[in-house]
Amino acid sequence: MSTRRTYRWPQPLDGQRQRLWYGGDYNPDQWPEEIWDDDIRLMRKAKVNLVSLGIFSWAKIETSDGVFDFDWLDRIVGKLGKAGIAVDMASATASPPMWLTQKHPEVLWRDERGDICWPGARQHWRPTSPVFREYALRLCRQMAEHFKDNPYVVSWHVSNEYGCHNRFDYSDDAMCAFQKWCKARYGTIEAVNDAWGTSFWAQRMNDFSEIIPPRFIGEGNFMNPGKLLDFKRFSSDALKDFYKAERDTLAQITPDKPLTTNFMVSTGGTPLDYDDWGDEVDFVSNDHYFVPGEQHLDELAWSASLVDGIARKKPWFLMENSTGAVNWRPVNYRKEPGQTVRDALAHVAMGADAVCYFQWRQSRAGAEKFHSAMVPHAGENSQIFRDVCELGDDLRKLSEAGLEGTELKKSSVAIVFDYQSEWATEHSANPTQKVRHFTEPLDWFRAFADLGITADMVPMRSDWDTYEVAVLPCVYLLSEVDSNRIRRYVSNGGKLFVTYYTGISDEHDHVWLGGYPGSIRDVVGVRSEEFTPMGDDFPGALDHLNLSNGAVAHDLADWITSTSPDATVLAAYQAEERTGMNDVPAIVVNPFGTGKCVYVGCKLGRDGLRLSLPQALDEMGVGYPREADAGHVLRVERKSEDGRRTFLFYFNRGDDDVKVEFEGEIVVSSLVQSETRNTASISPNGVLIVKGQ
Ligand code: GAL
């Protein structure tokens with residue numbers, strides 16, 4: 001369990017009422033000052049009430065070593081504040097200026113081959129450099145001293161997306177810091193040797209000074225996995241340590257201003273352990289970029305639910321999303337009509353009390369000139385800006401109806417997310433590279449949504465064991481402590497789903513022995529002797545397995561060789577005898593204590609899970625909506641703590657209009673075709689928000 005900082009939310013400007021925050025990253029330093037007044041006119045038109053300022057402005061604030069220029073920043077902060085627009089001020093430390101890196105090239109990070117990451121983009125610094133730390137903290141002090149009494153600065157935006165470009169650094173500074181980190185974690189070099197299994201391939205070390213980062217070792221996946229896993233932990237901690245130094249420098253001078261740093265929670269990757277980082281911010285903020293195509297809404301809801309889990313259900317801040325295309329994919333898809341507004345409101349549904357974009361005005365130059373913004377190249381007379389204004393209006397209506405401060409209602413189902421398992425399963429020397437922890441939770445989230453249940457994504461360290469139903473999807477690493485927690489949950493009546501590739505190794509990635517899943521065989525009631533990976537890279541190799549319930553398994557299945565006497569097989573494989581998989585159990589239910597566990601021994605994907613879940617839920621005695629179209633709508637509820645304010649959000653998940661029935665008063669609707677007092681038809685990409693009675 002974690003210890004959190006006290007939750008603190010940016011407060012409204014003097015004389016203003018609390019409202020959902022609305023705005024984006026603002027880079028006035030990319031524009032001539034004549035544009036600034038027009039920016040403010042347009043911000044007011046769109047009902048923007050907050051901007052993040054100065055994120056990449058170091059070179060313009062500290063123009064040369066120790067020479068600071070705040071004049072331009074004061075001018076724009078003053079204009080914004082007078083217009084009633086609050087400032088989320090950056091520490092401005094995300095991208096060091098040229099003069100600094102020319103003078104101190106030793107602050108640049110190095111890749112695994114020792115090559116330098118040169119200036120030319122951003123985040124080219126190493127978090128373990130004492131020199132860089134000195135410069136960055138000096139800037140933090142200057143910023144804090146300068147803005148400490150400024151009433152328009154309502155919060156700090158510390159750095160930007162730590163680890164986006166500099167997640168791993170293999171420099172000598174990093175090596176020394178890694179040695180210290182290992183010493184603090186393990187105490188003795190013998191304990192490191194044990195944890196990393198260094199008896200293998202003569203890797204034994206006599207002293208901490210023999211620890212080096214996982215630098216280039218030639219091609220192939222032969223790096224020590226224990227070291228790799230610890231290097232990921234260390235890298236998250238090294239950045240966190242740097243963040244904490246920046247945060248504390250700011251907080252010491254401006255204790256009244258809440259602080260955050262923007263996370264990158266999405267299915268796109270897990271550079272940092274964001275649940276662990278969640279302990280260190282006053283309020284959680286996140287950047288999310290939509291995944292084009294059929295996953296769009298579900299993936300967004302999944303990511304936002306995980307952010308809500310990291311925020312422990314306190315309102316969180318959507319620091320960045322996009323009004324339309326990004327610039328960093330091979331093909332940068334536009335949003336479909338309605339999606340700009342719908343996406344923002346979907347984040348709000350999942351617990352966000354602030355909607356911000358990257359960025360306010362689309363750049364004319366630089367690497368992101370084709371990234372969408374709130375004011376596009378086309379200007380004010382554009383669909384995007386009209387959407388931005390519509391959204392401003394929607395957020396105002398929601399604020400007036402009293403949405404802010406309400407919390408996403410707890411679901412009956414928790415799907416566990418585990419950063420450590422993701423890091424361990426990313427390694428390529430595993431049974432298959434087709435399966436990672438990350439590949440499973442979204443399928444479960446979508447399969448439950450197909451049945452009309454919006455599940456909560458819950459970090460492993462959090463309170464998943466207080467839910468009626470919990471899912472452990474490919475939670476590959478299980479410590480003894482976590483295994484016992486699982487045991488207690490089920491024996492006390494919990495209803496648990498466990499998938500293949502769970503409980504395989506302990507926290508050092510040492511395999512639990514005696515048959516998989518070694519740490520919780522008693523709970524799941526199965527024993528598997530080998531993995532059955534599937535693929536299509538060799539003609540004639542096993543590429544799928546049919547199940548007796550009609551589902552199809554791909555990528556990985558367990559070879560379950562025995563089940564406990566109390567267990568019941570819900571589905572088995574139907575395969576050719578020669579594969580050794582015919583009649584092998586695939587889905588098994590096992591009573592344990594007063595609870596039940598369903599083990600899903602293979603990767604079924606969203607479709608196979610949707611097909612298999614009803615029977616499993618019936619076995620467990622878990623209710624779910626029986627209507628065939630229950631999954632056409634994503635239904636979410638936010639509630640105030642006293643239960644007096646309730647908001648219901650309905651999103652169309654599919655390609656056809658859907659009809660919903662509701663009780664209450666419509667506050668916001670977008671792409672809603674027809675309404676009566678308590679029914680409405682929602683078009684694709686549409687949303688309906690109702691205040692309950
Ligand atoms: C984020 C970053 C922003 C901008 C955006 C573009 O990673 O914080 O500064 O680059 O991506 O999508």
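The figures that follow rest on heavy atoms only: side chains count, while hydrogens, waters and symmetry mates do not. Because the structure is predicted, anything quoted here is derived from the model rather than measured.
Centroid-to-centroid, the aromatic rings of His437 and Tyr419 stay 6.0 Å apart or farther. Between Trp109 and Phe168, the ring center distance fails the sub-6.0 Å criterion. Ring to ring, Tyr333 and His296 are not that close: their centroids are 6.0 angstrom or more apart.
Of the possible polar contacts, none joining the Ser305 side chain to the Ala301 backbone as a donor-acceptor pair under 3.5 Å is found. With Arg342 contributing its side chain and Ser670 its backbone, the two residues share no donor-acceptor pair below 3.5 Å. At least one donor-acceptor pair under 3.5 Å links the side chain of Gln362 to the backbone N or O of His377. Using modelled atom types, no side-chain atom of Tyr152 and backbone atom of Gly78 make a donor-acceptor pair closer than 3.5 Å. Side-chain atoms of Glu380 do not come within 3.5 Å of backbone N or O of Leu42 as any donor-acceptor pair. Put simply, the side chain of Asn286 never gets that close to the backbone of Asp308: no donor and acceptor are under 3.5 Å apart. At least one donor-acceptor pair closer than 3.5 Å links the side chain of Asn166 to the backbone N or O of Gly163. Without hydrogens or angle criteria, Asn652 side chain to Asn685 main chain gives no donor-acceptor distance under 3.5 Å. Between the side chain of Asn327 and the main chain of Ala367, a donor-acceptor pair closer than 3.5 Å is present. Without hydrogens or angle criteria, His347 side chain to Ala349 main chain gives no donor-acceptor distance under 3.5 Å.
Expressed to the nearest 0.5 Å, how far CG of Leu73 lies from CE of Met89 amounts to 4.5 Å. Distance check, rounded to the nearest 0.5 Å: CG of Leu272 to CZ of Arg167 gives 7.5 Å. To the nearest 0.5 Å, atoms CG (Leu671) and CG (Leu688) are separated by 11.5 Å. Note that CG of Leu80 and CE of Met43 are 5.5 Å apart. Values are rounded to the nearest 0.5 Å.
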(message) Using side chain to side chain contact (heavy atoms under 4.5 Å, CB included), reason through Lys45 and Cys389 one step at a time and then give a plain yes or no.
(response) CA-CA 7 Å; Lys45 185 168 175 184; Cys389 292; 4.3 Å; yes
**Report entry** Chi angles and distances behind the side-chain hydrogen bond (donor to acceptor under 3.5 Å, both in side chains) call for Asn27, Gln359
**Finding:** CA-CA 8 Å; Asn27 296 301; Gln359 60 175 330; 2.7 Å; yes
Fill in: Step-by-step side chain to side chain contact (heavy atoms under 4.5 Å, CB included) determination, Val435 to Thr425
CA-CA 7 Å; Val435 170; Thr425 54; over 6 Å; no
Please report the C-alpha distance between Asp88 and Trp21 in whole Å, then the side-chain angles of each, then the deciding distance to 0.1 Å, and finally whether the side chain to side chain contact (heavy atoms under 4.5 Å, CB included) criterion is met.
CA-CA 11 Å; Asp88 169 49; Trp21 290 114; over 6 Å; no
| Residues Ile682, Val660; criterion side chain to side chain contact (heavy atoms under 4.5 Å, CB included); working and verdict | CA-CA 8 Å; Ile682 309 175; Val660 293; 3.9 Å; yes
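Salt-bridge formation is not detected for the pair Glu33/Lys79: no Lys NZ or Arg NE/NH1/NH2 atom is positioned less than 4.0 Å from an Asp or Glu carboxylate oxygen. The residues Glu400 and Arg396 are annotated as salt-bridged, a charged nitrogen and a carboxylate oxygen being separated by less than 4.0 angstrom. The pair Asp169-Arg110 does not count as a salt bridge, with every side-chain nitrogen at least 4.0 angstrom from each carboxylate oxygen. Looking at Asp353 and Arg638, a side-chain N of the basic residue comes within less than 4.0 Å of a carboxylate O on the acidic one, giving a salt bridge. Under the 4.0 Å criterion applied to side-chain N and carboxylate O atoms, Lys232 and Asp273 are not assigned as salt-bridge partners. Contact check on Arg312 versus Asp275 returns a salt bridge, with a Lys/Arg side-chain nitrogen under 4.0 Å from an Asp/Glu carboxylate oxygen. Between Asp29 and Lys60 no salt bridge is recorded (no basic side-chain N to carboxylate O distance below 4.0 Å).
Between Thr101 and His124 the shortest heavy-atom distance is CG2-CD2, 3.8 Å. Nearest heavy atom pair, residue Ala238 against residue Pro127, reads O-CB, 3.9 Å. In terms of heavy atoms, Pro10 sits closest to Gln18 at O-NE2, 4.3 Å. Taking both residues in full, the closest heavy atoms of Ser372 and Ser322 are given as OG-CB, 3.7 Å, listed atom of the first, atom of the second, then distance. Here the shortest heavy-atom pairing between Ala630 and Leu451 reads CB-O, 4.0 Å. Nearest heavy atoms, Phe417 versus Met457: CB-CE, 4.1 Å.
Annotation for Arg334: atom CZ does not count as buried by contact number, only 12 or fewer foreign heavy atoms lying within 6.0 Å. Within 6.0 Å of atom NZ in Lys659, 12 or fewer heavy atoms from other residues, nucleotides or ligands are found, so the atom counts as exposed in its surroundings. Atom CZ of Arg386 sits in a crowded spot, with more than 12 heavy atoms from other residues, nucleotides or ligands closer than 6.0 Å.
Aromatic ring pairs are classed by plane angle as parallel below 30°, tilted from 30° to 60° and perpendicular above 60°; the pair Tyr357 and Tyr22 is perpendicular. Ring geometry for Trp72 against Trp36 counts as tilted: the plane angle lies between 30° and 60°, on a 0 to 90° scale. Aromatic ring orientation, Phe317 versus Phe283: tilted (interplanar angle from 30° to 60°).
A donor atom on one side chain and an acceptor atom on the other are found under 3.5 Å apart for Trp277 and Ser236. In this structure, a donor-acceptor pair under 3.5 Å is absent between the side chains of Ser285 and Asn262.
Side chains of Leu648 and Phe662 form no contact here, defined as non-hydrogen atoms less than 4.5 Å apart. Here the side chains of Gln420 and Asp418 are in contact, with some heavy-atom distance below 4.5 Å. Looking only at side-chain heavy atoms (C-beta outward), Pro119 and Leu108 come within less than 4.5 Å of each other. Put simply, the side chain of Met350 reaches to within 4.5 Å of the side chain of Val636, judged on heavy atoms. Using a 4.5 Å heavy-atom threshold, the side chains of Asp394 and Val667 count as separate. Contact of the Leu306 side chain with the Trp302 side chain is registered, since non-hydrogen atoms from C-beta on lie closer than 4.5 Å. Side-chain contact between His371 and Trp328 is present, with at least one heavy-atom pair separated by less than 4.5 Å. Counting heavy atoms from C-beta outward, Arg113 and Tyr170 have side chains that stay 4.5 Å or more apart.
Tested against Ile415 for a side-chain contact (heavy atoms from CB on, under 4.5 Å), the candidates Leu442, Val471, Asp443 yield a single pass: Val471. Residue Ser91 forms a side-chain contact (heavy atoms from CB on, under 4.5 Å) with just one option from Val158, Leu139, Ile55, and that option is Val158.
For Asp39, the salt bridge (Lys or Arg N to Asp or Glu O under 4.0 Å) criterion is met by Arg361, not counting sequence neighbours. Applying the salt bridge (Lys or Arg N to Asp or Glu O under 4.0 Å) criterion to Glu407, with sequence neighbours excluded, gives Lys314. Take Ser303 and apply the side-chain contact (heavy atoms from CB on, under 4.5 Å) test, not counting sequence neighbours, and it matches Ser266, His288, Glu299.
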